Each structure stands twice: as C-alpha cells, then as structure tokens.
Amino acid sequence: MKDFCEALLSVRVSTDVEDVYKRAIETENYPNGLREHWNGVYAYVDIMQESNKESTLMIQLLSHNPSSLKQVVEWYERVGCESLRVDYKEE
C-alpha cells in the first residue's frame, strides 16, 4: 500500500527469551503499549528457530510517518538489529 512506510529487521536471540522479545517489541510499538506517548509505528515479530539455542526474530515495522519509522529503525540498528529492507516514502 503506497500510504505506508515499511521496514524489515532481524536479530538473533536465545530461544529461552524469544517469546519475551516478541511480546516486548510488539507491545512497545502499539498505541496502548509500554510508552506514555505512542511513536506511530506498529510492529509484528515472527520467530524463526535456527537451532535449539538460537532463533532469529524477523521484525516488521509499519508507519504512516517516515521520520518516526526511520527513528525507530535507527534505534533498533544501534541495539544490534540488522536492516533487511526499508521503504520510506518521500516526506
């Protein structure tokens, strides 16, 4: 859909905490989530099990606001995520 900006990130985590990461990422990027003021970015996390000890989280981000999405992507990159695809529309 042309009205949305999108990003796809990945990060490897221990299988012991994969569900906790999924819930935390999705909750903090939700209108009634962990933040006092929502950032305007929705998140969905898919868990891809790599081994008995490690999984890859595929983090899909979606927003109408390119600057908010860019800020969130940059934060995730700083904490160890890899950007696989970003699509920011022109402001």
Side-chain angles (χ1 to χ4, degrees):
M1 190 180 284
K2 293 183 181 182
D3 193 38
F4 285 99
C5 305
E6 308 166 1
L8 178 63
L9 310 167
S10 71
V11 65
R12 298 187 103 173
V13 299
S14 169
T15 56
D16 296 342
V17 293
E18 64 188 15
D19 290 323
V20 176
Y21 271 99
K22 174 182 171 60
R23 181 174 288 196
I25 292 167
E26 290 177 344
T27 302
E28 76 178 359
N29 292 288
Y30 190 75
N32 298 320
L34 301 174
R35 300 171 189 261
E36 186 175 314
H37 299 288
W38 182 49
N39 61 10
V41 177
Y42 284 97
Y44 173 76
V45 179
D46 193 19
I47 300 170
M48 303 179 72
Q49 194 154 4
E50 302 293 328
S51 69
N52 289 338
K53 295 184 179 187
E54 200 169 56
S55 295
T56 297
L57 301 181
M58 301 300 290
I59 305 166
Q60 301 171 45
L61 302 171
L62 186 70
S63 179
H64 285 294
N65 186 328
S67 59
S68 291
L69 182 61
K70 187 174 183 178
Q71 185 177 17
V72 170
V73 168
E74 289 171 352
W75 182 84
Y76 277 112
E77 289 173 336
R78 282 194 304 273
V79 297
C81 291
E82 177 185 355
S83 290
L84 303 176
R85 181 176 54 80
V86 293
D87 180 15
Y88 306 122
K89 68 180 181 182
E90 293 296 320
E91 294 189 59

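Note that this is a predicted model, so its numbers are computed, not measured.
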Hydrophobic cluster membership, [X] vs [Y], 4.5 Å side-chain cutoff:
X	Y	answer
V41	V79	yes
L57	L8	no
L9	V11	yes
V45	Y21	yes
Y44	V73	no

Tell me whether E26 is salt-bridged to K22, with the criterion being a basic N under 4.0 Å from an acidic carboxylate O.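 Between K22 and E26 there is a salt bridge, with a charged N closer than 4.0 Å to a carboxylate O.
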When rounded to the nearest 0.5 angstrom, what is the spacing between [atom1] in [X] and [atom2] in [Y]?
X	Y	atom1	atom2	answer
K53	R12	NZ	CZ	13.5 Å
L69	L62	CG	CG	8.0 Å
C81	W75	SG	CH2	7.5 Å
S10	R85	OG	CZ	12.5 Å

Are [X] and [Y] packed together at the side-chain level, in the sense that at least one heavy-atom pair is separated by less than 4.5 angstrom?
X	Y	value
N29	Y42	no
H64	D3	yes
I59	I25	yes
T15	E18	yes
S83	E77	yes

Quick one about N65 and S67 (side-chain donor to acceptor, distance below 3.5 Å, no hydrogens or angles considered), yes or no?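 The answer is yes; a qualifying pair exists.
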Between T56 and E50: side-chain donor-acceptor atoms closer than 3.5 Å: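 Indeed, the side chains of T56 and E50 share at least one donor-acceptor pair under 3.5 Å.
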After noting the C-alpha distance and the side-chain angles of M58 and M48, does the key distance pass the side-chain contact (heavy atoms from CB on, under 4.5 Å) rule? CA-CA 7 Å; M58 301 300 290; M48 303 179 72; 3.3 Å; yes
Check the pair K70, V86 against side-chain contact (heavy atoms from CB on, under 4.5 Å), reporting the backbone distance first and the verdict last. CA-CA 9 Å; K70 187 174 183 178; V86 293; over 6 Å; no
Give me the atom names and distance for the closest heavy-atom approach of G40 to S63.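 Minimum heavy-atom contact is O-OG, 2.9 Å.
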